[in-house]
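Structure record follows, encoded as structure tokens.
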Amino acid sequence: MANSALELVGLILTLAGLIGAAASTGMPMWRVTAFIGENIIVFETRFEGLWMNCYRQANIRMQCKVYDSLLALPPDLQAARGLMCCSLALGGIGLLISMVGLQCTSCIHNNDRAKRLVLIIAGSLVLMACICVIIPVSWTGHVIIRDFYNPLLIDAQRRELGEALYIGWVASAFFFAGGCIFICCNLQSEEKGPARYVYSRNSDYMAYPQPLQPQQMVLLPQTQPQFQPMLSRHPSTVYSYSSRHPSERGWQISEH
């Protein structure tokens with residue numbers, strides 16, 4: 001029951017991470033104009049994203065233009081495009097696979113080990129999606145901070161961290177939490193096995209690797225019981241017993 005609740009929590013976290021990664025990929029707010037120094041023109045804001053750049057005037061009207069060439073973009077944006085698309089694909093596949101392995105679903109009948117294996121695979125895909133999100137977001141943030149403190153650039157060329165970067169960091173955290181829940185819960189269940197009895201070294205018992213199989217019963221031939229003389233405290237009046245040598249009384253009778 002506890003594992004089932006944790007699996008649902010991991011599913012919700014993975015779904016939230018997938019939605020955040022999709023929003024971060026499509027938003028143009030990766031780089032935002034920095035209003036510093038003598039730049040007092042605040043009614044015009046410029047946004048730069050993975051697919052387009054936009055201008056917004058007086059917080060009312062926004063105009064966007066798609067990039068004409070991929071090769072004209074800086075290296076961080078070029079890598080960010082591919083990695084963010086990979087993160088969406090891995091997160092979506094991991095989410096679908098995790099639905100198959102949940103305990104509350106009936107996709108796999110009477111095979112708990114297969115369900116655990118499916119969830120471990122789904123958790124691995126979700127963690128890979130987390131890595132694919134955090135690399136481009138952190139790389140772009142590093143470039144923005146480096147250019148901000150570059151003395152060779154003028155104030156109009158400096159940019160600040162946009163909302164899409166923060167959403168990407170939060171989405172990677174959701175992916176990481178969901179993937180860890182899928183893997184850790186099922187690894188604990190896999191390690192729990194049947195109870196085993198361990199004997200000390202001084203004991204005469206031996207542990208067999210396999211359970212003993214019942215053997216076929218063999219009927220042994222029965223031998224006739226041998227009569228043995230019984231000792232008694234009272235003397236017996238019968239003194240005749242079989243002997244190999246004839247007695248003297250027998251010789252006398254035969255003579256008469």
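Only this structure's heavy atoms are used, side chains among them; waters, hydrogens and symmetry mates stay out.
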Exercise. What's the verdict on side chain to side chain contact (heavy atoms under 4.5 Å, CB included) for Ile120 and Phe182, showing C-alpha distance, side-chain angles and the deciding distance?
Worked result: CA-CA 6 Å; Ile120 290 174; Phe182 285 148; over 6 Å; no
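- The structure places CD1 of Ile145 at 11.0 Å from OG1 of Thr140, a figure rounded to the nearest 0.5 Å.
- Side-chain contact check for Val32 versus Glu163: some heavy-atom pair is nearer than 4.5 Å.
- Closest approach of Gly178 to Thr14, counting heavy atoms only: CA-OG1, 3.8 Å.
- The hydrophobic clustering, which links ILVMFWY residues whose side-chain heavy atoms are closer than 4.5 Å, places Val143 and Leu77 apart.
- A donor-acceptor distance shorter than 3.5 angstrom exists from the side chain of Thr33 to the backbone of Arg46, with no hydrogens or angles considered.
- Put simply, the side chain of Phe176 reaches to within 4.5 Å of the side chain of Leu127, judged on heavy atoms.
- Atom CG of Asp147 is separated from atom NE2 of His142 by 9.0 Å, given to the nearest 0.5 angstrom.
- The heavy-atom pair separating Trp30 from Leu50 by the smallest distance is CZ2-CD1, 3.5 Å.
- Distance check, rounded to the nearest 0.5 Å: CD1 of Ile181 to CG of Leu119 gives 11.5 Å.
- For the residue pair Cys185 and Leu6, the shortest heavy atom distance occurs at SG-CD1, 3.4 Å.
- Side-chain atoms of Ser172 do not come within 3.5 Å of backbone N or O of Cys130 as any donor-acceptor pair.
- A side-chain donor-acceptor contact under 3.5 Å links Trp51 to the backbone of Thr25.
- Checked by atom type and distance alone, the side chain of Ser24 never pairs as donor or acceptor with a backbone atom of Gly20 at under 3.5 Å.
- Tyr55 has its side chain out of reach of Thr45: every pair of non-hydrogen atoms, C-beta onward, lies at least 4.5 Å apart.
- Listed here is the closest heavy atom pair of Arg159 and Phe148: O-CD1, 3.6 Å.
- Criterion: ILVMFWY side-chain heavy atoms under 4.5 Å apart, direct or through other members. Under it, Val100 and Leu125 are part of a common hydrophobic cluster.
- Between Met52 and Val66, the shortest heavy-atom contact is CB-CA, 3.9 Å.
- No side-chain heavy atom of Val137 sits less than 4.5 Å from a side-chain heavy atom of Tyr166.
- Side-chain contact between Leu165 and Ile144: present, with at least one pair of heavy atoms (C-beta onward) separated by less than 4.5 Å.
- Cluster annotation: Trp169 is connected to Val133 through the hydrophobic network of ILVMFWY side chains, with a link wherever side-chain heavy atoms come within less than 4.5 Å.
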For this session: Would you check, one step at a time, whether the test disulfide bond (SG atoms under 2.5 Å apart) holds for Cys132 with Cys86?
Result: CA-CA 7 Å; Cys132 291; Cys86 289; 5.5 Å; no
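- Closest approach of Leu102 to Lys115, counting heavy atoms only: O-NZ, 2.9 Å.
- The neighbour count for Met128 CE, taken as heavy atoms of other residues, nucleotides or ligands under 6.0 Å away, does not exceed 12.
- Both Leu88 and Phe175 belong to a single network of hydrophobic side chains, linked directly or stepwise wherever heavy atoms of I, L, V, M, F, W or Y lie under 4.5 Å apart.
- When each of Leu95, Leu96, Ile97 is checked for a side chain to side chain contact (heavy atoms under 4.5 Å, CB included) with Ile93, only Ile97 meets the rule.
- Cys54 contributes atom SG, which lies 7.0 Å from atom CE of Met29 (distance to the nearest 0.5 angstrom).
- Between Asn53 and the choices Lys65, Arg31, Gln63, the side chain to side chain contact (heavy atoms under 4.5 Å, CB included) rule is met once, by Lys65.
- Of the inter-residue distances, the one linking Arg146 atom CZ with Asn150 atom CG reads 8.0 Å to the nearest 0.5 angstrom.
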